[in-house]
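The structure appears below as structure tokens.
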Amino acid sequence: MSTNMPSDLILNNLLYSCEYEKKRGNEQFVPEHTLGFMMAGESHLYTPDIRILAEGAMGLARRNQLVKSVKVPPPGGMFRSISIFLPQDLLRRYSAENNITASGPYTGDSLVSLPKDAFLEGYFNSLLPYFSQPAHFSKALADLKTKEAIELLLQHNYQLKELLFDFNEPHKIDLEAFMLQNYMFNVPVSRFARLTGRSVAGFKRDFEKIFKAPPGQWLTQKRLSEAYYLLKEKGRKPSEVYLDVGFENLSHFSFAFKKTYGVAPSLL
DNA sequence: CATAGAGATGACAGATCAGA
DNA sequence: TCTGATCTGTCATCTCTATG
């Protein structure tokens, strides 16, 4: 059925995604503000609270956050979405040129659902031809189109400037709370460090103080104990939980589980 | 789908050093 | 004294394959 046809097409800062089957997104970190449009099917986003972007929905995701996504095709059809990343340098330039700034650190929702907007929809449709003829999408055009997206977003809702033009890097936040909420995201320690506003060295030191264990070890143990709970108390299956708790492949999950608990996960 | 194992590699732990 | 950057050996983790 699924001959692995190209599912993701990347042009500069544009991403066209299509899937015939329900599929997890592979990236768990949002490096830049991202504007997305669900053309067909829906996206389930875990942050870790679940948010659903239905067919036809548009959303703006703030940069510097962890999100797991599941792409769900419509019945009998194909999942299709377009995303555009809004790079910091372009946003800074736009901010300077138009003298629009955020009034302070952004405190609103990290995933903003945008109400239906004919102009934004028209904009996304204008991007479609480039995915079939990528050669036409020059760097200059990419910049123009990105600028257009920013302009349209501000027209759509001027208050989005608070999100778009917040150029602050993450400040030093409560490490314990953050880790307990985000341990199931499988990203490098350096990523956790940045997101909590620390250097890698500082992160390790603080981490050791709080959890009495190095980050890597604590993470696997935390993930395994969560998996244990899901398997034992909730009666779920290994193949269902290993991704949820932050493992990448089933093979390694089984191995690690058995090493810690002495039993294979399927025997619980 | 679940497990096991082997082999490759890349991330992490932990120490050191420099600057604030 | 605290913070951040850098380095290195080791081991954990991933990939791949085989098997039930």
Side-chain angles (χ1 to χ4, degrees), chain A residues 1-8 10 19-31 44 46 48 63-73 88 105 167-268:
Chain A
M1 191 74 190
S2 69
T3 44
N4 277 346
M5 58 172 305
S7 53
D8 282 354
I10 298 176
E19 295 293 343
Y20 284 104
E21 294 162 358
K22 190 169 171 176
K23 183 163 180 266
R24 302 225 178 200
N26 31 14
E27 194 52 64
Q28 304 189 352
F29 176 67
V30 184
H44 297 183
Y46 301 83
R63 75 196 173 100
N64 276 340
Q65 63 170 320
L66 297 166
V67 180
K68 289 189 190 190
S69 70
V70 179
K71 301 164 185 173
V72 185
Q88 288 290 286
F167 299 114
N168 295 303
E169 285 307 308
H171 52 288
K172 204 165 177 173
I173 58 171
D174 182 348
L175 183 52
E176 184 171 14
F178 183 86
M179 290 313 296
L180 288 174
Q181 198 178 6
N182 294 292
Y183 65 86
M184 72 293 288
F185 290 98
N186 197 341
V187 294
V189 169
S190 56
R191 187 74 80 203
F192 281 125
R194 276 265 149 268
L195 288 171
T196 54
R198 291 165 171 82
S199 69
V200 177
F203 179 81
K204 285 187 200 165
R205 276 193 274 260
D206 288 352
F207 197 99
E208 187 80 42
K209 245 181 267 170
I210 295 168
F211 294 109
K212 316 291 180 212
Q217 282 175 33
W218 182 86
L219 281 167
T220 41
Q221 287 315 307
K222 182 74 189 163
R223 288 165 182 164
L224 283 173
S225 72
E226 177 65 14
Y228 190 93
Y229 165 76
L230 290 173
L231 292 166
K232 182 104 182 169
E233 307 298 331
K234 299 279 182 177
R236 300 185 53 196
K237 295 192 288 182
S239 58
E240 290 171 1
V241 305
Y242 79 99
L243 287 167
D244 288 342
V245 300
F247 283 86
E248 293 286 325
N249 67 69
L250 186 53
S251 176
H252 177 244
F253 169 67
S254 291
F255 175 78
F257 192 94
K258 190 166 187 183
K259 191 180 172 195
T260 299
Y261 294 107
V263 211
S266 61
L267 296 179
L268 282 182

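Each chain gets a letter, A, B and so on, in the order the sequences are listed, and its residues count up from 1. Treat the numbers as computed from the prediction; the structure is a model and nothing was measured. Reckoned from all heavy atoms, side chains included, excluding hydrogens, waters and symmetry mates.
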Arg205(A) CZ to dG14(B) P, in whole Å, measures 13 Å
Within residues 218-236 of chain A, the residues having a heavy atom closer than 4.0 Å to DNA chain B are none
Could you give the side-chain donor-acceptor pairs of residues 215-222 of chain A under 3.5 Å, partners two or more places apart or in another chain?
| residue | atom | partner | partner atom | Å |
| --- | --- | --- | --- | --- |
| Thr220(A) | OG1 | Gly216(A) | O | 3.3 |
| Thr220(A) | OG1 | Gln217(A) | O | 3.0 |

Whole-Å distance, His252(A) NE2 to dA6(B) C1', equals 14 Å
* Asked: Side chains of Leu231(A) and Phe257(A): closer than 4.5 Å at any heavy-atom pair?
  -> yes
- Query: Under 4.5 Å between any side-chain heavy atoms of Leu224(A) and Phe247(A), yes or no?
  - Reply: yes
Heavy atoms only, 4.0 Å cut-off, all strands: where does Asn186(A) land among base, sugar-phosphate and nothing? sugar-phosphate
List the atom pairs, with distances to 0.1 Å, where a side-chain N or O of residues 178-197 of chain A and a protein N or O form a donor-acceptor pair under 3.5 Å, not counting sequence neighbours.
| residue | atom | partner | partner atom | Å |
| --- | --- | --- | --- | --- |
| Asn182(A) | ND2 | Phe178(A) | O | 2.9 |
| Tyr183(A) | OH | Glu226(A) | OE1 | 3.4 |
| Asn186(A) | ND2 | Gly246(A) | O | 2.9 |
| Asn186(A) | ND2 | Glu248(A) | OE2 | 3.2 |
| Thr196(A) | OG1 | Phe192(A) | O | 2.9 |
| Thr196(A) | OG1 | Ala193(A) | O | 3.0 |

Separation between OH (Tyr242(A)) and CZ (Arg223(A)), nearest 0.5 Å, reads 14.0 Å
At a cut-off of 3.5 Å, list every protein nitrogen or oxygen paired with a nitrogen or oxygen from nucleotides 10-12 of chain B, distance to 0.1 Å.
| residue | atom | partner | partner atom | Å |
| --- | --- | --- | --- | --- |
| dC12(B) | OP1 | Val189(A) | N | 3.1 |

> Got Asn64(A) and Phe29(A) here, is their nearest side-chain heavy-atom distance under 4.5 Å?
Replying inline: yes
Note: chain A reaches DNA chain C at heavy-atom distances under 4.0 Å over the stretch, first to last nt, 5' to 3', of dT3(C) to dC16(C)
Here the gap from Glu19(A) atom CD to Arg24(A) atom CZ, rounded to the nearest 0.5 Å, amounts to 13.5 Å
For Glu233(A), the side chain to side chain contact (heavy atoms under 4.5 Å, CB included) test, sequence neighbours excluded, returns Tyr229(A)
So, with a heavy-atom separation below 4.0 Å from DNA chain B, the residues of residues 255-265 of chain A are Lys258(A), Ala264(A), Pro265(A)
Tell me whether Phe255(A) at atom CZ has more than 12 heavy atoms from other residues, nucleotides or ligands lying less than 6.0 Å away. no
Note: contacts of residues 195-203 of chain A with DNA chain C (heavy atom, under 4.0 Å) are Ser199(A), Ala201(A)
In short, Tyr261(A) meets Ser225(A) closest at the heavy-atom pair OH-CA, 3.1 Å
Residues pairing under side-chain hydrogen bond (donor to acceptor under 3.5 Å, both in side chains) where one sits in residues 199-211 of chain A, two or more places apart or in two chains, turn out to be Arg198(A)-Asp206(A)
By side chain to side chain contact (heavy atoms under 4.5 Å, CB included), Arg236(A) pairs with (sequence neighbours left out) Leu230(A), Lys234(A), Glu240(A), Val241(A), Asp244(A)
Sorted by chain and number, sequence neighbours left out, side-chain hydrogen bond (donor to acceptor under 3.5 Å, both in side chains) with His44(A) holds for Glu42(A)
When Ser251(A) and Lys237(A) are each assigned the nearest nucleotide of DNA chain B, the 5'-most assignment goes to Lys237(A)
query = OP1 or OP2 of dA2(B) sitting under 4.0 Å from any side-chain N/O of Ser239(A)?
reply = yes
Across all chains, not counting sequence neighbours, the side chain to side chain contact (heavy atoms under 4.5 Å, CB included) partners of Lys22(A) are Val70(A), Val72(A), Pro73(A)
